[in-house]
Amino acid sequence: MIHKFLENDTRISEFALLGFLEELELQPFLFGFFLSMYLITVLGNLLIILAISSDSHLHTPMYFFLSNLSFADICFTSTTVPKMLVNIQTQKKTITYESCITQMYFFILLAGLDNFLLTVMAYDRFVAICHPLHYTVTMNPQLCSLLLLVSWIMSALHSLLQTLTVLRLSFCTEVEILHFFCELRQMIQLACSNTFLNNMVLYFAALLLGGAPLAGILYSYSKIVSSILGISSAQGKYKAFSTCASHLSVVSLFYCTSLGVYLSSAAPQNSHTSAVALVMYTVVTPMLSPFIYSLRNADIKGALSVFFRGKL
């Protein structure tokens with residue numbers, strides 16, 4: 001089916017990725033900068049996964065979802081950064097049509113998975129703080145596995161829908177993408193065929209799959225804050241809040257950078273502003289997540305200490 005789309009509707013074989021390739025004098029710095037951030041992202045998230053898998057005390061719903069979030073972040077940043085590094089190093093700006101579609105599919109899938117996992121983690125904290133006596137019964141392994149499976153399925157279906165609507169578009173001339181990867185909105189804007197359906201699907205999905213999880217997170221935290229305020233002792237309030245502070249920080253970072261990407265793309269074209277917003281969203285957020293969870297979490301730090309002592 002994909003081959004049919006490519007054969008009938010597409011008149012070009014490749015795109016030009018212009019992001020960060022225009023400033024020739026900055027190429028060595030940019031290569032080292034993004035390579036360092038990528039390696040830190042991969043290493044940091046791998047350490048989170050290793051710490052959780054190696055410590056039986058961390059085999060709980062909260063850390064189960066955290067390990068999956070770390071895995072998703074590694075894959076998420078790997079969909080864009082390695083290709084960008086290759087382009088910077090080789091000064092090659094092109095990406096084939098098939099590679100562009102594949103990159104876009106996995107980028108949308110993993111961005112959506114991050115969104116759903118953060119929502120599921122907010123629900124986990126809601127049950128833990130607002131209904132602590134029912135926590136172990138409610139957040140049982142079957143439900144956790146089901147929530148993870150649904151997150152993957154919803155993300156995959158959404159990504160497939162967006163990708164299929166792009167495959168129906170025609171690109172009549174050699175097109176230049178102003179970003180460092182094949183971003184969905186850019187692809188739609190560059191098409192020379194009718195994009196009404198694409199825009200409707202894009203906005204509807206953003207409203208449904210972006211707004212609904214955010215509403216769920218806000219509802220969960222409104223109940224969490226209400227429950228914390230009802231705790232009489234200051235120590236009890238601090239202990240309850242500390243269990244969700246890291247997650248709340250990552251949620252804030254994720255949605256603030258997402259909003260930055262949306263506003264920069266909706267504003268009059270400014271390639272530098274848009275590129276910075278996308279770097280914050282695609283590179284910086286996955287890099288900072290493991291630091292936030294490890295530095296603010298005694299359990300993770302303890303598990304990492306035990307893990308490294310066991311290896312020495």
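Contact record, Val250 with Leu118: CG1-CD2, 3.9 Å, taken as the closest heavy-atom pair. Nearest heavy-atom pair, Ile49 versus Ser70, reported as atom, atom and distance to 0.1 Å: CG1-CB, 3.8 Å. For Met187 against Ile177, the heavy-atom pair with the smallest separation is SD-CD1, 3.9 Å. Looking at every heavy atom in both residues, Ile48 comes nearest to Ser294 through CD1-CB, 4.3 Å. Heavy atoms only, all atoms of each residue included: Leu148 and Phe64 are closest at CD2-CZ, 3.6 Å. Looking at every heavy atom in both residues, Ala191 comes nearest to Thr195 through CB-CG2, 3.9 Å.
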Decide side-chain contact (heavy atoms from CB on, under 4.5 Å) for Ile224 and Cys244; before the verdict, give the C-alpha distance in whole Å, the side-chain angles of both, and the deciding distance to 0.1 Å.
CA-CA 9 Å; Ile224 288 172; Cys244 57; 4.1 Å; yes
Audit row: Phe107, Leu184, side-chain contact (heavy atoms from CB on, under 4.5 Å) steps and yes/no
CA-CA 9 Å; Phe107 180 84; Leu184 175 61; over 6 Å; no
Would you check, one step at a time, whether the test side-chain contact (heavy atoms from CB on, under 4.5 Å) holds for Leu109 with Trp152?
CA-CA 8 Å; Leu109 185 153; Trp152 271 102; 3.5 Å; yes
Go through it in stages, so that I can follow the logic: the residues are Val81 and Thr282, the test is side-chain contact (heavy atoms from CB on, under 4.5 Å), and I'd like the CA-CA distance, side-chain angles, deciding distance and then a yes or no.
CA-CA 8 Å; Val81 177; Thr282 60; 5.6 Å; no
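Around atom CZ of Phe31, more than 12 heavy atoms belonging to other residues, nucleotides or ligands sit under 6.0 Å away. By the 6.0 Å contact criterion, NZ on Lys237 is enclosed, its count of non-hydrogen atoms from other residues, nucleotides or ligands being greater than 12. Crowding of His59 atom NE2: a count of heavy atoms from other residues, nucleotides or ligands under 6.0 Å exceeding 12. Atom CE of Met154 has 12 or fewer neighbouring heavy atoms from other residues, nucleotides or ligands inside a 6.0 Å radius. Counting non-hydrogen atoms of neighbouring residues, nucleotides and ligands closer than 6.0 angstrom, the CZ atom of Phe71 reaches no more than 12 such neighbours.
Note that CZ of Phe180 and CD1 of Ile95 are 12.0 Å apart. Values are rounded to the nearest 0.5 Å. Taking CG from Leu43 and OH from Tyr38, the interatomic distance works out to 12.0 Å, rounded to the nearest 0.5 Å. Atom-to-atom distance recorded for Met104:CE and Gln186:CD is 12.5 Å, nearest 0.5 angstrom. The CE atom of Met62 lies 11.5 Å from the OG atom of Ser67; values are rounded to the nearest 0.5 Å. Taken to the nearest 0.5 Å, the CD atom of Glu183 stands 11.5 Å off from the CG atom of Leu17. For the atom pair OG of Ser36 and CZ of Phe34, the computed distance is 11.0 Å after rounding to the nearest 0.5 Å.
Panel note: side chain Asn140, backbone Val137; a donor-acceptor pair is recorded below 3.5 Å. For the pair Ser226 (side chain) and Lys223 (backbone), a donor-acceptor distance under 3.5 Å is absent. Checking side-chain atoms of Thr165 against main-chain N and O of Gln162 turns up a donor-acceptor pair under 3.5 Å. For Ser53 (side chain) and Leu50 (main-chain N/O), a donor-acceptor pair under 3.5 Å exists by modelled atom type. Without hydrogens or angle criteria, Asn45 side chain to Pro286 main chain gives a donor-acceptor distance under 3.5 Å.
Residues Tyr238 and Ser233 bring no donor and acceptor atom of their side chains to less than 3.5 Å of each other.
Following chains of ILVMFWY side-chain contacts shorter than 4.5 Å, one can reach Met37 starting from Leu288, so the two form part of one hydrophobic cluster. Clustering ILVMFWY residues whenever any of their side-chain heavy atoms sit less than 4.5 angstrom apart, transitively, puts Leu248 in a cluster other than the one holding Val225. A continuous path of hydrophobic side-chain contacts links Leu157 to Leu149 [ILVMFWY only; heavy atoms under 4.5 Å]. In the hydrophobic cluster analysis, where Ile, Leu, Val, Met, Phe, Trp and Tyr join through side-chain heavy atoms closer than 4.5 angstrom, Leu160 is grouped apart from Leu208. Put simply, Leu39 and Val284 are part of the same group of oily side chains (I, L, V, M, F, W, Y) that touch within less than 4.5 Å, one to the next.
For Phe76 and Tyr281, the gap between ring centers is short of 6.0 Å.
Remark: of the listed residues Leu161, Ile188, Leu164, Val166, Leu161 is the sole one forming a side-chain contact (heavy atoms from CB on, under 4.5 Å) with Val201.
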Tabulate below the donor-acceptor pairs under 3.5 Å that side-chain atoms of residues 119-134 make, not counting sequence neighbours, or state none.
unit_1, atom_1, unit_2, atom_2, d
Thr119, OG1, Asn115, O, 2.9
Asp124, OD1, Tyr135, OH, 2.6

